Amino acid sequence: MTRILVTGGTGYIGSHTCVELIQAGYEVVVMDNLYNSSEAVLDRIETIAGTRPKFYKTDLLDREGLETIFRENDIDAVIHFAGYKAVGESVAKPLLYYENNIAGSINLYETMAAHGVKTLVFSSSATVYGAPKSVPIREDFEVHTTNPYGSTKLMNEMILEDICTADPEWSVMLLRYFNPIGAHPSGLIGEVPNGIPNNLVPYIARVANGTLEYLRVWGNDYPTVDGTGVRDYIHVVDLAKGHISAVAYALEHKGAEKVNLGTGNGYSVLQVLHAYEKACGHELPYQIMERRPGDIATCYADTEKAASLLGWKAQYNIDDMCRDSWNFTVRNPDGIK
Ligand code: NAD
Ligand code: UD1
């Protein structure tokens with residue numbers, strides 16, 4: 001059986017990917033330091049997929065701990081989610097982000113190389129495109145980052161490409177996610193933000209359940225359908241399935257590939273808000289505010305490469321995403337404990 005190490009496997013995207021991996025017949029080993037997730041997620045994965053992944057509570061910065069995982073398990077490939085992801089915090093604490101996301105990742109890559117494990121799927125982000133010159137965004141567009149979080153994604157991409165150049169035995173998939181939202185249809189796993197959410201859908205979910213009063217819409221004077229920002233929202237289960245296709249590809253091919261994971265469709269803030277109103281069954285208050293610094297007007301993926309290279313295409317629509325987000329929110333008022 002092919003054995004996959006999932007770093008950050010109890011986190012939001014990692015947990016959904018563990019479910020899909022188990023259901024696709026892979027053996028899964030999870031490592032996470034539980035900084036932004038709970039061990040109870042493993043019970044939820046077991047309930048959905050029927051198997052509890054072997055778990056290591058280990059930090060990427062702990063070289064000995066990583067060594068133990070690779071010594072005790074015959075790993076075939078790694079899917080690397082573990083890292084910090086808050087843009088604003090990365091601006092305030094750049095060294096924390098470079099240490100965790102760069103130094104931590106280098107520890108992982110070195111340990112992999114030492115054990116002859118040279119197949120990796122990496123969580124990158126559409127943030128590496130900065131303000132794109134046009135949409136849809138293709139993988140060969142220029143890259144440019146505007147905050148330390150984005151820079152850690154781009155630097156990891158560069159490091160991994162250099163590793164592939166130096167050693168042609170390596171196989172690396174650089175997956176550039178657009179905006180993952182939603183939750184598993186079971187309502188058992190989903191996103192549990194720390195504190196007041198910055199991202200749109202987690203914020204709307206808290207307006208819908210009454211925890212927050214109203215949505216602040218960051219600007220309505222963009223050149224878009226209704227003046228509000230447009231993004232490519234993708235259901236987290238579709239995104240997780242993209243990883244199954246990517247790891248299967250990586251196990252068969254050498255070298256590095258950059259692939260967008262999005263739907264190819266853009267929705268405005270108000271369109272998402274209205275889709276969420278349908279899902280939760282009541283109107284959601286909002287106020288138009290000034291633009292948020294650093295925001296761009298429109299961002300959505302060209303999905304041709306994911307389709308042709310991986311045979312993968314997103315299946316869920318915006319109504320499905322809002323329905324599953326709301327279902328998870330209602331069922332887990334206190335998160336996953
Ligand atoms: P998440 O915070 O839910 O999951 C990340 C997991 O990594 C957490 O469980 C956390 O405890 C763990 N972790 C962090 N630092 C660690 C360390 N040093 N050692 C071990 N574990 C550590 O985040 P997510 O939304 O699931 O994102 C997963 C990956 O995808 C991240 O790399 C993120 O940057 C990237 N990404 C996320 C989005 C998004 O919108 N969610 C978009 C683009 C890219
Ligand atoms: C943000 C980050 C990006 C990161 C991504 C996923 C910024 C500038 N960008 O992207 O680097 O990769 O999250 O974590 O932080 N909106 C509101 N009100 C809100 C929240 C959001 O109107 O309370 C709007 C935004 O202006 C934007 C859209 O909703 O138009 C989506 O915002 P968000 O969910 O934060 O994602 P991104 O800005 O795409």
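This structure is a prediction, so every number in the text was calculated from the model and none was measured.
For Y267 and Y233, the ring centers are positioned 6.0 Å apart or more. Between F122 and F81, the distance from one ring center to the other does not fall under 6.0 angstrom.
Remark: K278 engages D319 in a salt bridge, criterion side-chain N to carboxylate O under 4.0 Å. The pair E304-R138 does not count as a salt bridge, with every side-chain nitrogen at least 4.0 angstrom from each carboxylate oxygen. Remark: E191 engages K85 in a salt bridge, criterion side-chain N to carboxylate O under 4.0 Å. Salt-bridge formation is not detected for the pair D238/K313: no Lys NZ or Arg NE/NH1/NH2 atom is positioned less than 4.0 Å from an Asp or Glu carboxylate oxygen.
Between W326 and H282, the ring planes lie perpendicular to each other; the angle is over 60°, past the 30° to 60° tilted range.
Of the N and O atoms on the side chains of S171 and T119, not one donor lies less than 3.5 Å from an acceptor on the other residue. For the 3.5 Å distance criterion, the side chains of T263 and D232 qualify, holding a donor opposite an acceptor. With no hydrogens or angles considered, no side-chain donor-acceptor pair links Y149 and E89 at under 3.5 Å.
Between the H115 side chain and the V117 main chain, no donor and acceptor come within less than 3.5 Å of each other. Using a distance-only test at 3.5 Å, with no hydrogens or angles considered, no donor-acceptor pair links the side chain of D221 to the main chain of G227. When atom types are taken as modelled, the side chain of S37 and the backbone of L34 share no donor-acceptor pair closer than 3.5 angstrom.
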Does the side-chain hydrogen bond (donor to acceptor under 3.5 Å, both in side chains) test come out yes or no for S325 and Y276, once each step is laid out? CA-CA 9 Å; S325 162; Y276 215 98; 2.7 Å; yes
Evaluate the criterion side-chain contact (heavy atoms from CB on, under 4.5 Å) for residue pair N73 and L5; output intermediate values, then yes/no. CA-CA 9 Å; N73 300 278; L5 173 65; over 6 Å; no
Does the ring pair (Phe, Tyr, Trp, His ring centres under 6.0 Å) test come out yes or no for H243 and Y249, once each step is laid out? CA-CA 10 Å; H243 289 73; Y249 181 90; over 10 Å; no
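At least one side-chain heavy atom of K133 sits under 4.5 Å from a side-chain heavy atom of F141. Residues Q315 and K241 fail the side-chain proximity criterion, which asks for heavy atoms closer than 4.5 Å.
For the pair R216 and Y286, the cation does not sit on the ring face, since its NZ or CZ is not both under 6.0 Å from the ring centre and inside 45° of the axis.
Hydrophobic clustering of Ile, Leu, Val, Met, Phe, Trp and Tyr side chains at less than 4.5 Å, counting indirect connections, keeps V135 apart from V259.
Applying the salt bridge (Lys or Arg N to Asp or Glu O under 4.0 Å) test to every pair with at least one member in residues 38-54, sequence neighbours left out, gives these pairs: D43-R52, E46-R52. For residues 142-155, no residue pair satisfies the salt bridge (Lys or Arg N to Asp or Glu O under 4.0 Å) rule, not counting sequence neighbours.
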